[in-house]
2 protein chains.
Amino acid sequence: MRDDRFCNSNCPFTRAIGTIGNKWKPIIINVIGTRSIRFGQIDAIVPHISRKVLTEQLKELEEDGLLERLAYKEIPPRVEYKLSEKGLAFLPILESIKEWNLKYEVALIPKETDYSYAG
Amino acid sequence: MRDDRFCNSNCPFTRAIGTIGNKWKPIIINVIGTRSIRFGQIDAIVPHISRKVLTEQLKELEEDGLLERLAYKEIPPRVEYKLSEKGLAFLPILESIKEWNLKYEVALIPKETDYSYAG
DNA sequence: TATTCTGGTTACTATTGGGTAACTACAAAT
DNA sequence: ATTTGTAGTTACCCAATAGTAACCAGAATA
């Protein structure tokens with residue numbers, strides 16, 4: 001899932017891309033944002049992601065220090081995820097990607113006017 | 001290569017990630033930077049990329065309006081790539097990713113002090 | 001005449017990613 | 001006694017991605 005050749009590169013930029021350069025991670029980070037959120041909520045909000053993949057991505061994000069995982073020893077289990085300082089520091093970058101896209105994306109006729117979740 | 005579910009999302013952020021959210025594209029955009037560069041040069045500079053994949057990525061970047069391809073009708077052929085306005089506008093985002101990584105990456109002992117290519 | 005040069009393309013194969021469904025623990029509610 | 005709820009994990013399988021090597025044009029060079 002993470003490409004070792006990227007993560008072990010001696011170019012720090014390449015390593016950064018190795019960490020966050022896939023399609024799910026920016027989406028997940030963006031969904032979490034500044035709040036604390038449970039596994040099931042992320043799963044419900046992010047379209048098309050399977051629990052298996054979500055688990056994997058969350059685990060990697062935690063390993064890479066982008067988010068913190070807080071498991072309450074209850075039954076049924078409850079787990080909350082929130083961004084670490086490093087993860088929070090990444091949010092402005094996602095904002096600038098949004099602005100960039102807004103400015104330069106070729107206009108297309110949207111099927112619905114529903115711009116939900118990532119507003 | 002591009003995920004249709006992402007590119008056809010009605011969330012503009014998701015679409016943006018569908019466009020540039022993979023490991024090769026940020027690297028390629030970063031390597032091109034503000035210069036005009038030939039196919040062979042990119043291939044030589046970017047580590048581990050195969051010509052096949054490079055071709056595919058460049059084609060998609062062109063389709064998405066991030067770069068311009070200028071083919072000289074010579075023999076042997078010469079093709080130059082350079083970023084479009086949209087592509088150039090993405091460079092500052094890559095810079096902020098570099099800064100973010102520099103600030104937050106967990107320190108690791110580099111095998112070599114060679115930080116070539118993406119400095 | 002053979003080789004080199006460039007920017008690819010193609011066919012074939014290996015690797016990986018990702019989807020699905022079943023399963024877990026255990027308590028509370030029905 | 002059975003269902004519900006949560007946050008996963010596991011096994012199995014298929015589709016997508018990426019790597020490799022061979023091949024192309026056609027002029028210039030040796």
Side-chain angles (χ1 to χ4, degrees), chain A residues 1-9 14 17-28 31-32 35-64 67-82, chain B residues 1-9 14 17-28 31-32 35-64 67-82:
Chain A
M1 188 129 303
R2 264 175 318 200
D3 189 321
D4 283 343
R5 297 199 313 268
F6 275 60
C7 295
N8 298 328
S9 166
T14 302
I17 296 302
T19 302
I20 45 80
N22 78 41
K23 60 184 183 187
W24 290 118
K25 283 175 185 162
I27 300 284
I28 293 170
V31 163
I32 299 179
R35 61 182 153 173
S36 217
I37 187 172
R38 298 179 63 174
F39 180 85
Q41 285 181 278
I42 308 179
D43 188 38
I45 296 172
V46 177
H48 306 301
I49 199 167
S50 69
R51 287 142 77 83
K52 177 189 159 195
V53 170
L54 180 54
T55 304
E56 290 167 354
Q57 300 292 317
L58 288 171
K59 197 174 291 180
E60 288 184 3
L61 285 171
E62 196 195 351
E63 286 170 8
D64 290 332
L67 60 78
E68 286 154 21
R69 178 180 183 278
L70 184 53
Y72 296 86
K73 295 203 175 304
E74 304 172 353
I75 289 204
R78 180 159 61 101
V79 179
E80 304 217 323
Y81 292 92
K82 67 191 191 70
Chain B
M1 186 132 303
R2 265 173 317 199
D3 189 320
D4 283 344
R5 295 200 315 267
F6 274 60
C7 294
N8 298 328
S9 165
T14 302
I17 296 302
T19 303
I20 45 80
N22 77 42
K23 60 184 182 188
W24 291 118
K25 283 175 186 164
I27 300 285
I28 293 170
V31 163
I32 299 179
R35 62 182 153 173
S36 216
I37 188 172
R38 298 179 61 174
F39 179 86
Q41 285 181 278
I42 307 178
D43 187 40
I45 295 172
V46 177
H48 306 301
I49 199 168
S50 69
R51 287 141 71 85
K52 178 189 158 197
V53 170
L54 180 54
T55 304
E56 290 166 354
Q57 300 293 315
L58 288 170
K59 196 172 293 179
E60 288 183 3
L61 286 171
E62 196 195 350
E63 285 170 10
D64 290 333
L67 59 78
E68 287 153 21
R69 179 180 183 276
L70 184 53
Y72 297 85
K73 294 203 175 306
E74 303 172 353
I75 289 202
R78 180 160 62 101
V79 179
E80 303 217 325
Y81 291 93
K82 67 190 190 72

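Nothing here was measured: the structure is a model prediction, and the numbers come from that model. Just so it is clear: chains get the letters A, B, ... in the order the sequence lines come, proteins before strands, and each one is counted from 1.
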Every protein N/O lying under 3.5 Å from an N/O of nucleotides 5-7 of chain D:
from  : atom 1 : to      : atom 2 : distance (Å)
D/dT6 : O3'    : A/Arg38 : NH2    : 3.0
D/dT6 : O3'    : A/Pro77 : O      : 2.9
D/dA7 : OP1    : A/Arg38 : NE     : 2.8
D/dA7 : OP1    : A/Arg38 : NH2    : 3.0
D/dA7 : OP1    : A/Val79 : N      : 3.3
D/dA7 : OP2    : A/Gly40 : N      : 3.1
D/dA7 : N7     : A/Arg51 : NH2    : 2.7

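What you find for B/Ile17 and A/Lys23 is that their closest heavy atoms are CG2-O, 3.4 Å. B/Ser50 approaches B/Asp43 most closely through the heavy-atom pair C-OD1, 4.4 Å. Shortest non-hydrogen contact noted between A/Tyr72 and A/Glu80 is CE1-CG, 3.5 Å. Of all non-hydrogen atoms in A/Ile37 and A/Val31, the two that sit nearest each other are CD1-CG1, 4.2 Å. Heavy atoms only, all atoms of each residue included: A/Lys82 and A/Ile32 are closest at CA-CG2, 4.1 Å.
An OP1 or OP2 oxygen of C/dG18 is reached within less than 4.0 angstrom by a side-chain nitrogen or oxygen of A/Trp24. For the OP1/OP2 pair of D/dG8 and a distance below 4.0 Å, the side-chain nitrogens and oxygens of A/Thr55 include no atom meeting the criterion.
Applying the side chain to side chain contact (heavy atoms under 4.5 Å, CB included) test to B/Arg69 and every residue at least two apart in sequence or in another chain returns B/Glu62, B/Ala71, B/Val79, B/Tyr81.
Between the side chain of A/Asn8 and the main chain of A/Asp4, a donor-acceptor pair closer than 3.5 Å is present.
The distance from atom CD of B/Glu56 to atom P of C/dT10 is 11 Å, rounded to the nearest whole Å. The interatomic distance linking B/Asp3 (CG) with C/dG17 (C1') rounds to 11 Å, in whole Å. Rounded to whole angstrom, the span from the CG atom of B/Asn22 across to the C1' atom of C/dG18 amounts to 16 Å. Whole-Å rounding puts the B/Leu54 CG to C/dT9 C1' distance at 14 Å. When rounded to the nearest whole Å, the span between NZ of B/Lys52 and P of D/dA16 equals 14 Å. For the pair A/Leu70 CG and D/dG8 P, the computed distance is 12 Å after rounding to whole Å. Whole-Å rounding puts the B/Glu74 CD to C/dG8 P distance at 13 Å. We find that CD1 of B/Ile49 is positioned 15 Å from P of D/dT17, with the value rounded to whole Å.
B/Lys59 comes within 4.0 angstrom of the backbone, heavy atoms only, and of no base.
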